[in-house]
*Asks:* 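Take this structure first; my questions come after.
First the proteins, then the strands, lettered A, B, ... as listed; each starts at 1. Keep in mind the model is a prediction, meaning the values are calculated, not measured.
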Amino acid sequence: MNDSFYLTTTLPYVNGEPHIGHALEFIQADVIARYKRNKGFTTYFNTGTDEHGLKMYQKAGEENLSPQEYVDKYSQRFKDFCKSFSISYDRFIRTTDEDHIKAAQTFWNKSLENGDIYKKAYTGLYCVGCEEFKTEKDLVDGKCPDHNKEPEEHSEENYFFKFSRYQEPLLDLYKKQSDFVKPASKLQEMISFVGGGLQDFSISRRRENLPWGISVPNDPDQVMYVWFDALVNYVTTIGYGTNEKEFEKWWPVVQLCGPDNNRFQSAMWQAMLMSAGIKPSKHILIHGMILAEDGTKMSKTIGNVVSPFELLETYGAEATRYYLISGIPTFGDSSFSHDQLEMKYKADLQNNFGNLLNRVITMINKKEVDTSESLISESFKSEVLNLKARYTEHMDSFDLFEAMKNAQKLGSYGNVYITEQEPWAKDKTEEEITETLSGLEYLLNELIELYSPVLPDACEKAKSALLKRENIILFPELEIA
RNA sequence: CGCGGGGUGGAGCAGUGGUAGCUCGUCAGGCUCAUAACCUGAAGGUCAGACGUUCGAAUCGUCUCCCCGCAACCA
């Protein structure tokens, strides 16, 4: 039996601060990782930062930093984020890491040996000011908008990847594994994209144009184009090229990514893997896009972006985690809403869960009962286990949003049960009260388990409070300025 | 006709052929163990509009209107 589980996020490009979209992806991944660990899987959870490329080089210049200093600075911001939000990664990989650079070159060579990398002259419109090729779409009135200059026709030799060769194998992969990409609509997108025909794409740049990148093996004038190197991190991190045994243990991977990254992860990367003789990924999970409160896209230009660090300050890590998992559909777009966040916190965490915990602990203490699992009625127990099973089913298919609904239902069931049983009523016998409270204690322990991937901190406190029978305000009133 | 997503009670969302459902809010009642919490019940929707297919449509088809994304920062 294979009890290992390997999960990764996409590596964000470190040309700015972490934003809410990164938060969503990292937290989703963390919840899955914690869930799998709880279930007994040996889990490897990878995340990190993508740090090469021209943009990085230019941005560093703008801030008067060397490229390395620049990426160090922003990579650290992502690490800070992970720490603040309890992201339990096993490795935080940086594409500037030594082992990654080696692995990217090994991967390149493998693909080259397989005949999928070739050199070709590329002719295009080149803006001298930007020192980069422009496409028609980049231009305004035929001119580069940044330099107000017409780009020149320019030709250079670059390496290309034979993407076109993988059309059939990719379609085959999509056909054979209908849940390869989730949700199904995103798989459909790939089927029509790949089915429409594939063009080979350029995977290197001349070093003089792109000084910040990984060298192409045996060609000092060329560096790898950023994302070719970036994608390889998913195999680097588990020992590709350095530790085959370790690699075999973990591969294939379950990957999370944003909707705009579908092509890279589900098509190009899969073709690259085939080229290097590696099995495809296990799943590509595509989360939704978080929109601004008014339903439009968040954008730095408009200035309506929500910062996870602000949410941390206002609501704390656990409430934010809970909202991102339980308040918005796992695979669908949805607007960010402060009201919704506060509502979920209050209704689900303070009232449904925290209050239930507290009232049960109080009553156990007051009645001085000795609870025991053997006293619980079968019908009660099976109802609890039934809700747990539905939770598990959704978690196993990575639908965190649907899974959490069943945790909420379990809490409600506890609240209904306690009202129906009235353990405080004077005509209740000691046996009856003991049975009721044993059941509730059992339910709470299960509930804590279901919530623990999302609320690791609160659940640990809850567990200990229940064990020691100490009253506790698990979710205090939010102090909102 | 560029492509795609969407328009469901006050708000946010489920629901892809067979009596319209969930959370919040509102109203009424109950309970008192608890973080003014918890439980029960009620009101509230011609499922954007029109036509069509069907014994039967929110769900399928055609057309119309409206919102959003696909170009930039970016998950």
*Asks:* Between rG9(B) and rC1(B), how far apart are the two P atoms, rounded to whole Å?
*Replies:*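 Taking atom P in both rG9(B) and rC1(B), they lie 35 Å apart.
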*Asks:* Taking the minimum atom-to-atom distance to the side chain of Ile473(A), which one of rG69(B), rC33(B), rU35(B) wins?
*Replies:* rU35(B)
*Asks:* In whole Å, measure the gap between the C1' atoms of rC65(B) and rC73(B) for me.
*Replies:*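 rC65(B) and rC73(B) have their C1' atoms separated by 33 Å.
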*Asks:* Can you list the residues that meet the side-chain contact (heavy atoms from CB on, under 4.5 Å) rule with Glu293(A), with sequence neighbours excluded?
*Replies:*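 Testing Glu293(A) for side-chain contact (heavy atoms from CB on, under 4.5 Å), a comparison that skips the adjacent residues, returns Phe336(A), Ser337(A), His338(A).
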*Asks:* Classify the nucleic acid contact of Ile290(A) as base, sugar-phosphate or nothing, counting any heavy atom under 4.0 Å across all strands shown.
*Replies:* base
*Asks:* Check every strand shown and say whether Lys186(A) touches a base, only sugar-phosphate, or nothing at a heavy-atom separation below 4.0 Å.
*Replies:* nothing
*Asks:* Please enumerate all protein N or O atoms sitting under 3.5 Å from an N or O of nucleotides 36-38 of chain B, with distances to 0.1 Å.
*Replies:*
{"unit_1": "rA37(B)", "atom_1": "O2'", "unit_2": "Asn355(A)", "atom_2": "OD1", "d": "3.3"}
{"unit_1": "rA37(B)", "atom_1": "O2'", "unit_2": "Asn355(A)", "atom_2": "ND2", "d": "2.3"}
{"unit_1": "rC38(B)", "atom_1": "O2'", "unit_2": "Arg359(A)", "atom_2": "NH1", "d": "3.1"}
{"unit_1": "rC38(B)", "atom_1": "O2'", "unit_2": "Thr419(A)", "atom_2": "OG1", "d": "3.2"}

*Asks:* Considering only atom C1', compute the distance from rA58(B) to rG21(B) and round it to an integer number of Å.
*Replies:* 12 Å
*Asks:* Considering just the side-chain nitrogens and oxygens of Lys409(A), establish if one lies under 4.0 Å of OP1 or OP2 belonging to rU23(B).
*Replies:* no
*Asks:* Which is true for Pro476(A) with a 4.0 Å heavy-atom rule: it touches a base, it touches only sugar-phosphate, or it touches nothing?
*Replies:*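 Since no nucleic acid heavy atom lies under 4.0 Å of Pro476(A), the category is nothing.
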*Asks:* Which pairs with one or both residues in residues 417-443 of chain A pass ring-ring contact (aromatic ring centres under 6.0 Å, His included), sequence neighbours excluded?
*Replies:*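 Sorted result for residues 417-443 of chain A: Phe380(A)-Tyr417(A).
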*Asks:* If I pick the P atom on rU19(B) and the same atom on rC24(B), what distance separates them, to the nearest angstrom?
*Replies:*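 Each nucleotide's P atom is 26 Å from the other's.
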*Asks:* Of the residues in residues 260-268 of chain A, which ones touch RNA chain B at a heavy-atom distance under 4.0 Å?
*Replies:* Asp260(A), Asn261(A)
*Asks:* Which part of the nucleic acid does Leu474(A) contact within heavy-atom distance under 4.0 Å: base, sugar-phosphate only, or nothing?
*Replies:*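 Answer is base: heavy atoms of Leu474(A) come under 4.0 Å of a base.
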*Asks:* Give a yes or no on whether the ring-centroid distance for Phe45(A) and Tyr89(A) is below 6.0 angstrom.
*Replies:*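 No, they do not, as the ring centres are separated by 6.0 Å or more.
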*Asks:* Quick one: on RNA chain B, does Gly354(A) or Cys257(A) contact a more 5' nucleotide (nearest heavy atom)?
*Replies:*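 It is Gly354(A) whose nearest nucleotide is closer to the 5' end.
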*Asks:* Pick base, sugar-phosphate or nothing for Gly16(A), based on heavy-atom distances below 4.0 Å to the nucleic acid.
*Replies:* nothing
*Asks:* Are Leu170(A) and Tyr174(A) close enough, and set up right, to give a side chain to side chain contact (heavy atoms under 4.5 Å, CB included), and what steps lead you there?
*Replies:* CA-CA 6 Å; Leu170(A) 284 172; Tyr174(A) 303 151; 4.1 Å; yes
*Asks:* Between rC66(B) and rG10(B), how far apart are the P atoms? Round to whole Å, please.
*Replies:*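 Their P atoms lie roughly 23 Å apart.
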*Asks:* For the P atoms, the ones on rG5(B) and on rC51(B), what distance do you get once it is rounded to whole angstrom?
*Replies:* 26 Å
*Asks:* For RNA chain B, which ranges pair as stems of 3 or more consecutive Watson-Crick or G-U pairs, with both donor-acceptor distances under 3.5 Å?
*Replies:*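 Only these stems qualify: B:2-7 with B:65-70, B:10-13 with B:21-24, B:26-30 with B:38-42, B:48-52 with B:60-64.
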*Asks:* Using the P atom in both, what is the distance from rC68(B) to rC13(B), to the nearest Å?
*Replies:*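 Here rC68(B) and rC13(B) have their P atoms 15 Å from each other.
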*Asks:* Answer with base, sugar-phosphate or nothing: what part of the nucleic acid does Phe26(A) contact at a heavy-atom distance below 4.0 Å?
*Replies:* nothing
*Asks:* Taking the ring centre of each residue, are His283(A) and Phe398(A) less than 6.0 Å apart?
*Replies:*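 When the ring centroids of His283(A) and Phe398(A) are compared, they turn out to be within the sub-6.0 Å range.
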*Asks:* Can you check side chain to side chain contact (heavy atoms under 4.5 Å, CB included) on Asp396(A) and Tyr35(A), steps first, answer last?
*Replies:* CA-CA 9 Å; Asp396(A) 287 341; Tyr35(A) 169 74; 2.9 Å; yes
*Asks:* Could you write nucleotides 4-15 of chain B as a row of B, S and -, 5' to 3', where a protein heavy atom under 4.0 Å of any base atom gives B, of only sugar-phosphate atoms gives S, and otherwise -?
*Replies:* --------S---
*Asks:* Please report whether the ring centroid of Phe228(A) lies less than 6.0 Å from that of Trp269(A).
*Replies:* no
*Asks:* Between Phe26(A) and Phe85(A), is the ring centre distance below 6.0 Å?
*Replies:*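 Aromatic pair excluded; centres sit 6.0 Å or further apart.
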*Asks:* Ring centres under 6.0 Å, that's the criterion: do Phe78(A) and Tyr74(A) meet it?
*Replies:* no
*Asks:* With rounding to the closest Å, how many angstrom separate the P atoms on rA11(B) and rU16(B)?
*Replies:*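 After rounding to an integer number of Å, I get 23 Å for this pair.
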*Asks:* Over 60° means perpendicular and under 30° means parallel, so tell me whether Phe201(A) and Trp227(A) are parallel, tilted or perpendicular.
*Replies:*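 Correct class here is tilted.
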